[in-house]
Structures are given as C-alpha cells and as structure tokens.
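Accompanying notes for the structure given below.
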Amino acid sequence: MKKIPTVGIVQYGAGNQASIINALGSLSVKSIPIATPSEIGKVDKLIIPGVGHATKAMNELKRSELDEAIRKTNIPLLGICLGMQLLGVRSEEGDTKCLSICDFETVRFNVPLKVPQMGWNKVRLTGNTLFYGLDQEEWFYFVHSYYIPKSSFTIAKCNYGVEFTAAVQHNNFWGVQFHPEKSGKKGLQLLKNFIELC
Amino acid sequence: MLAKRIIPCLDIKNGRTVKGVNFDNLTDAGDPVELAKKYYAEGADELVLLDISATLEGRETFIDVVRDVAKAIAIPFTVGGGIGSVEQAEKLIRAGADKISINTAAIQKPELIGNLADYFGSQCVVVAIDIMLTEKGWEVVSHAGTKRTGIKALEWAKTCEILGAGEILLTSHTSDGTKRGFATDITRKISQSIGIPLIASGGAGLPEHFAEVLTKGMADAALAAGVFHYDLLSISQVKEYLQSKNIIIRY
C-alpha cells in the first residue's frame, strides 16, 4: 500500500488554519504545523495557507527564518491565496518584498466591481498534474483584493473585470489564488492531486 | 464572472436546528451537522449558522456544532448570534468558522466592527443589518427585530463599510417569513451604494424571488431559511431556475 504523505502547514501568524486542517483530515491526510526550518525535514509536502496581510506574513517568515528554508526546499509546496502571492517578487499590499521564487508581482484589483472578489468564479484550467480529474472549467471559491497578472508561470486563469492568474507552477512550487479547502469536492480533488501526484 | 450565491441559514438553539416563523412556534428540525451536510450536497454556495440560544450552556454547545460542521463540509460558512467581542469571535473562528456576523453589538459599539476587521481581516466580518419599513422609511432594528433604532438603513450600511465590514447581510423584517419576496428596492439602493458584497435575506418563497433580488435588487447573494427547511424549495430547484434566466450561478 502506498504511504500517505505527511503535510506541513507553514506557520506565519495567520489566524485560521482550521479549514485547511479539516480538508486534509477529510482526505485522511496527516498535517503538522511548521514553525521552524528544521521541522521541514519531517514532512513530504508543504502548504502555505492563505489568510492574512503580506507584510505581516513576510516579517514573520523572516523572523522564523522559514523564508530562506522555503526558497531552498525541493519538496512539493502549495501556496494558497496569500500563500501563492508570497512566492512572487513583490506585492502591492503594503509594498512588500516577497520570497522571489517566481518572477511575478501581486497588484490590487482596479476594476469597477466590488473588492474583495468574494465568492465562486469559473477557472479555466490547463493540463497540469494539479488538475488531474477536473474539467477544463471548474468553479472555485475566491476571497481576495490583490491578484497576480498573467505570466509564464500561469497554469489556470480566471476573470474578474480583468483576466488574472488563478494558479501557478514553477519547479516544485505550486500556487492557487482560490481556496481549494473551501471549494467543495473539486477543491478536495485538487488537494488530493497535490498530495498524491505532485 | 463571479457567480451569485445561494445561502441557506440554519437557526440553532441549544445545539439543535429549529425552524419557525419570526422565532415563534419553534419546532425541532434536527441535527445541524446533518442538515449542513444535506445543503452542502445539494449545492449550497455557503452556509450561515445562527445561534439563537439564550443560555450560556447553549452558547457553549454552539461552539461544538461549529467544530463539527467545519469538519463535515468544504464550503465557507458564517456564524452569528449574540457575538459581542473579539474573544467570542476568536473561539468560533478557531472552531472552524470562516466569517463572523455581528448585529446588535455592532449598533451598540460600532468600534467592534473595526476591532474584528483588524484582528481577522475585513473578509471575515459580516455586519447583519435588520431593517423594517416604518413611517421614517427603512429603519434599522435591533435585538432580533424587537427594537427600533431610528437609524436609516442606507446610512448604517455605508457606515459599516467605512468601519471595516467585509460584507453586509441585509434582512428585511417587513418581508421576513411572508414568502412574498425580498425587499428588492432597498436592497438595490444599498447594494449600489456600497463597495462590499451584499447578501439579501427575508421573504424568499419562490425561485422568482431569488431571481428578482439578484438582478433587480443587485444583491450578490440571497439567503433563506424557511423555504429550504420545510422543503418548499430545494437549492438545486432555485439554481436551475436562475440558470434558465441566464443568471450566473455555480452548478
């Protein structure tokens, strides 16, 4: 029988991680909190969850020296929402310097629509491993005021007054702007793919 | 394009779902976790769990319900009912709630809106505004609709946004329980005057009512309790109707 990987959840002072822990729990996956670089050695996968402010998150990652450890890691990592935005070079949120793993920037929505974008939007997916078993278009749940424009890292796109990046991949790093842990069965399928296939 | 959301609301008293019109003649409607699972399976976009317990024991039980619901569903849910402090909100967020809804406490101490927004982020803070049509126009009411405040609905909604609310849950007590449709006009007026999402509530009886409030009323989401509890409508029935009217929904 295939061993089920242990997933580390990167701690950066962001409040609520109950939903990601619950979602992994429903897939019978064990998750442990990661607060120091040495703890990364105990896990097979990493998730950077996504609720909070970019500046606060980066300050906390620097303080714990997890920033450098994340840059160097070669195990599969999934950034969710803010967790994906942190993979870039810079965020307009608080004019924050981010992890610089991928060469993209995060900017604020400047559209004649309500901000944050809150709710379900249709995402156009590519054939990336992360989307195994999903259709070319799927609904996912978003809550965000900042977005990443389309780039060479984009593996899924969405539209909210402007076309934006819904997911990225670069080597062992994946990111999704939406919340798979809150996107019903399709979201759970995506998390399962990350755990079993990526 | 962002989909319009359909949100069932569960009223919970001492850990059990109850149903009734305007809090009268409450009858037991079973285990909230089972009902949450049912709505999740039927395609609800979010849920709202409203604690209407009047006792401390009831409130403690509610936290257990929140914890169990969080494990049973993978869609966002808001909790509300008697939340008056950041500490109370934190217990519920830690138990797995995605958003906190405050109502009377926001009127009594408006700074609570900002305090919650600073602590959890605006996206976690829903201000529930109960309104009633009086001789003064649409007026805000508090204490589950029993007290008039003299505050104008539109002004209060704008103030809530400025103070840090991430979403408004607007309930018309004038139409609540009537099953004759939402208060579309005031919903539209408020929704187009604010830059944050608005959930319309109170008066759902037919699929047409949902369509009206989501188009003419410009609501971002529509909430209902009674019609779903009593199986007068199913979520999929409402969504099929909305889709036939070319309203963007998740299916």
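Within every chain, numbering begins at 1; the chains are lettered A, B, ... in the order of the sequence lines, protein sequences first and strands thereafter.
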Task: A:Gln136, CD atom: more than 12 neighbouring heavy atoms under 6.0 Å - done: no
Task: Residue, of B:Gly121, B:Ala70, B:Gly166, that accumulates the most heavy atom pairs under 4.5 Å with chain A - done: B:Ala70
Open item on the list: Can you confirm whether A:Asp103 is buried at CG, in the sense that more than 12 heavy atoms of other residues, nucleotides or ligands lie under 6.0 Å from that atom?
Closed with: no
Open item on the list: Which atoms of A:Trp120 are under 4.5 Å from chain B, going by heavy atoms: the side chain, the backbone, both sets, or neither?
Closed with: both
Open item on the list: Just so I understand: if I count every heavy-atom pair under 4.5 Å between each of A:Gln117, A:Met118, A:His144 and chain B, which residue has the most?
Closed with: A:Met118
Open item on the list: Let's test your reading of the structure: which of B:Glu46, B:Met1, B:Glu90 forms the most heavy-atom pairs below 4.5 Å with chain A?
Closed with: B:Met1
Open item on the list: With a 4.5 angstrom heavy-atom cut-off, is it the side chain or the backbone of A:Val143 that approaches chain B, or both, or neither?
Closed with: side chain
Task: More than 12 heavy atoms from other groups under 6.0 Å of CD on A:Glu65 - done: no
Open item on the list: For the backbone of B:Ile196 and the side chain of A:Lys114, can you confirm whether one donor and one acceptor N or O come within less than 3.5 Å of each other?
Closed with: yes
Open item on the list: Need one label for B:Glu167: side chain, backbone, both or neither, based on atoms under 4.5 Å from any heavy atom in chain A.
Closed with: side chain
Task: chain A contact residues among residues 238-251 of chain B, heavy-atom distance under 4.5 Å - done: B:Ile248, B:Ile249, B:Arg250, B:Tyr251
Task: Segment of A:Asn121 engaging chain B (4.5 angstrom heavy-atom cut-off) - done: both
Open item on the list: If I take atom NZ from residue B:Lys71 and atom OG from residue A:Ser19, how far apart are they, to the nearest 0.5 angstrom?
Closed with: 13.0 Å
Task: Closest heavy-atom pair and its distance - A:Lys185, B:Tyr40 - done: N-OH, 3.6 Å
Task: Heavy-atom donor-acceptor pair, A:Lys182 side chain to B:Ile75 backbone, under 3.5 Å - done: yes
- [ ] Look at atom NZ of B:Lys38 and say whether more than 12 heavy atoms of other residues, nucleotides or ligands are closer to it than 6.0 Å.
- [x] yes
Open item on the list: More than 12 heavy atoms of other residues, nucleotides or ligands under 6.0 Å from CZ of A:Phe109: yes or no?
Closed with: yes
Task: Non-neighbouring partners of A:Ala23 that pass side-chain contact (heavy atoms from CB on, under 4.5 Å), sequence neighbours left out - done: A:Glu181, A:Leu188, A:Leu191
Task: chain B contact via A:Lys186 - side chain, backbone, both or neither, heavy atoms under 4.5 Å - done: neither
Open item on the list: Please find the pair of heavy atoms, one from A:Pro116 and one from B:Pro197, that lie closest to each other, and give the distance.
Closed with: O-CG, 4.4 Å
